[in-house]
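This report concerns only the one structure given below.
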Amino acid sequence: MQITEIYKSLQGESSYAGLPCVFVRLTGCNLRCSWCDSEYTFTGGKRMTLEDVLAEVKRISPNGGLVEITGGEPMLQEREVVPLMQALLENKFQLLLETSGERSLEKVPAEVVKIVDVKCPDSGERDTFRIENLAALTSRDEVKFVISSRADYEFSRDFTEQHDLAGRVNNVLFSPAFRKDATGARDSSHCLVDPQQLAEWMLADNVPARLGLQLHKFIWDPAVKGV
Ligand code: SF4
């Protein structure tokens, strides 16, 4: 499979935020979100076999723990990434998969926690979530909305209600988008929607979702990669 990087950091998002995690970042994405901070994954990377990836993960984290498979869009390499998930599970790693849900999630092993980033209108990739994937979501999974505007917030609120997401998954996450050229200050000044504003909208509407901030962008300079 084509891999951009494998590294250890703190998980920055989801209900696993703050935990040490090994990130396996696959190369390539078929979407072009307006605020994407991972454009360096679109090309390049290096070919690695399943055995190479497993060995590297074990070298970085010899005592097991949390691994996230991310990208880019990892499900573009389904034929190779699904056996990798099985191998990591057999080796007792706890596994997260970050995906846009544009590709089928049917073959993802049930033990994997799927974190599905449903694209909002201002991402420029609205309606790319494959609606059949709702059937593949379980009570261990999470659905995330990255929000840049009031229109994105209303889309997320309505999608959550329409598809009873709170009843389907472990967590629904509303997260302010960061400007992709953010650098310097490690605070919410780079968010495209003020977190306070988003919190007030969520409270006013009683949205059954959790406000998520990208923790790593408050710990390290938002421009730093590999964290
Ligand atoms: S799906 Fe992810 S990697 Fe692809 S363009 Fe959107 S934010 Fe970037």
Side-chain angles (χ1 to χ4, degrees), residues 9-26 29-31 33 38 57 64-78 80-120 123 125-147 152-153 155-177 202 207-216:
S9 185
L10 293 184
Q11 176 58 246
E13 300 179 74
S14 80
S15 54
Y16 296 82
L19 293 174
C21 182
V22 177
F23 292 84
V24 178
R25 190 178 293 285
L26 277 74
C29 189
N30 53 343
L31 305 188
C33 302
S38 306
V57 171
L66 194 61
V67 174
E68 177 173 292
I69 296 182
T70 185
E73 174 47 61
M75 292 309 288
L76 293 180
Q77 301 187 61
E78 177 185 309
E80 291 163 298
V81 85
V82 169
L84 173 64
M85 292 177 201
Q86 283 155 346
L88 287 163
L89 290 168
E90 280 161 19
N91 281 270
K92 309 294 178 214
F93 287 98
Q94 188 181 10
L95 209 49
L96 312 178
L97 168 70
E98 169 97 16
T99 174
S100 70
E102 190 272 341
R103 298 281 145 154
S104 171
L105 300 175
E106 210 181 353
K107 296 205 173 114
V108 176
E111 300 89 333
V112 176
V113 175
K114 299 184 281 296
I115 300 171
V116 183
D117 182 354
V118 174
K119 301 302 178 187
C120 295
S123 71
E125 294 291 2
R126 182 187 179 141
D127 297 332
T128 52
F129 174 72
R130 185 182 292 236
I131 208 74
E132 298 81 8
N133 276 333
L134 285 174
L137 297 178
T138 73
S139 58
R140 75 177 69 212
D141 296 330
E142 311 203 351
V143 175
K144 179 175 74 168
F145 298 90
V146 178
I147 294 171
D152 278 0
Y153 163 72
F155 168 88
S156 310
R157 178 197 63 194
D158 296 348
F159 191 102
T160 298
E161 186 188 348
Q162 202 177 352
H163 299 292
D164 184 27
L165 291 186
R168 283 178 192 269
V169 296
N170 181 30
N171 259 310
V172 181
L173 305 155
F174 282 21
S175 186
M202 291 170 71
V207 179
R210 177 191 290 231
L211 177 68
L213 298 175
Q214 292 180 289
L215 197 58
H216 48 295

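All figures in this text were calculated on a predicted structure; none of them were measured in a lab.
How far CG of Asn171 is from CD1 of Ile115: 9.5 Å, rounded to the nearest 0.5 Å. Once rounded to the nearest 0.5 Å, the distance linking CG of Leu31 with CD of Glu125 reads 4.5 Å. If you take CG on Leu26 and CD on Gln77, they are separated by 4.5 Å, rounding to the nearest 0.5 Å. A distance of 16.0 Å separates OH in Tyr16 from CG in Leu10, rounded to the nearest 0.5 Å. Of the inter-residue distances, the one linking Glu98 atom CD with Glu73 atom CD reads 9.0 Å to the nearest 0.5 angstrom. For the atom pair Glu142 CD and Glu13 CD, the distance stands at 10.5 Å (nearest 0.5 Å).
The residues Lys119 and Glu102 are annotated as not salt-bridged, no charged nitrogen and carboxylate oxygen being separated by less than 4.0 angstrom. Ion pairing between Glu78 and Lys107 holds under the 4.0 Å rule for side-chain N and carboxylate O.
Between Arg140 and Asn170 there is no side-chain heavy-atom pair separated by less than 4.5 Å. Looking at heavy atoms from C-beta onward, Met75 lies in side-chain contact with Val81 at the 4.5 angstrom threshold. In this structure, Thr160 and Pro208 have side chains that are in contact, with non-hydrogen atoms separated by less than 4.5 Å. The shortest side-chain heavy-atom distance between Phe129 and Val116 falls under the 4.5 Å cut-off. With contacts defined as side-chain heavy-atom distances shorter than 4.5 Å, the pair Met202/Tyr153 qualifies. When side chains are defined from C-beta on, Ser100 does not count as touching Thr128, because their heavy atoms never get closer than 4.5 Å. By the 4.5 Å heavy-atom criterion applied to side chains, Leu134 and Leu165 are counted as neighbours.
Across Ser9 and Phe23, no two heavy atoms sit closer than the pair CB-CE1, 3.9 Å. In terms of heavy atoms, Gly72 sits closest to Cys29 at CA-CB, 3.9 Å. Listed here is the closest heavy atom pair of Leu211 and Pro176: CD1-CD, 4.2 Å. The two residues Ser156 and Cys120 make their nearest non-hydrogen contact at OG-SG, 3.4 Å. Annotation for Phe93 and Leu89: closest pair O-CD2, 3.9 Å, computed over non-hydrogen atoms. Pro109 approaches Met85 most closely through the heavy-atom pair CD-SD, 3.6 Å.
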message: Evaluate Glu132 against Ser104 for side chain to side chain contact (heavy atoms under 4.5 Å, CB included), listing each step before the verdict.
response: CA-CA 8 Å; Glu132 298 81 8; Ser104 171; over 6 Å; no
task: For the pair Ile147 and Phe155, evaluate side chain to side chain contact (heavy atoms under 4.5 Å, CB included) and give the outcome as yes or no after the intermediate values.
output: CA-CA 9 Å; Ile147 294 171; Phe155 168 88; over 6 Å; no
query: Are Ile69 and Val112 close enough, and set up right, to give a side chain to side chain contact (heavy atoms under 4.5 Å, CB included), and what steps lead you there?
result: CA-CA 10 Å; Ile69 296 182; Val112 176; over 6 Å; no
task: List the steps, then state whether side chain to side chain contact (heavy atoms under 4.5 Å, CB included) holds for Leu173 with Arg210.
output: CA-CA 5 Å; Leu173 305 155; Arg210 177 191 290 231; 3.7 Å; yes
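For the pair Asp141 (side chain) and Val169 (backbone), a donor-acceptor distance under 3.5 Å is absent. Judged by distance alone, with hydrogens and angles left aside, the side-chain atoms of Asn133 form a donor-acceptor pair with the main-chain N or O of Gly101 at under 3.5 Å. Distance alone, capped at 3.5 Å, is enough to place a donor-acceptor pair between the Lys114 side chain and the Ala136 backbone. No donor-acceptor pair closer than 3.5 Å links the side chain of Arg103 to the backbone N or O of Pro74. No side-chain donor-acceptor contact under 3.5 Å links Arg157 to the backbone of Val207.
Legend: residues meeting side-chain hydrogen bond (donor to acceptor under 3.5 Å, both in side chains) with Arg130, ordered by chain and number and at least two apart, are absent. By the side-chain hydrogen bond (donor to acceptor under 3.5 Å, both in side chains) test, Gln11 pairs with Glu68, sequence neighbours left out.
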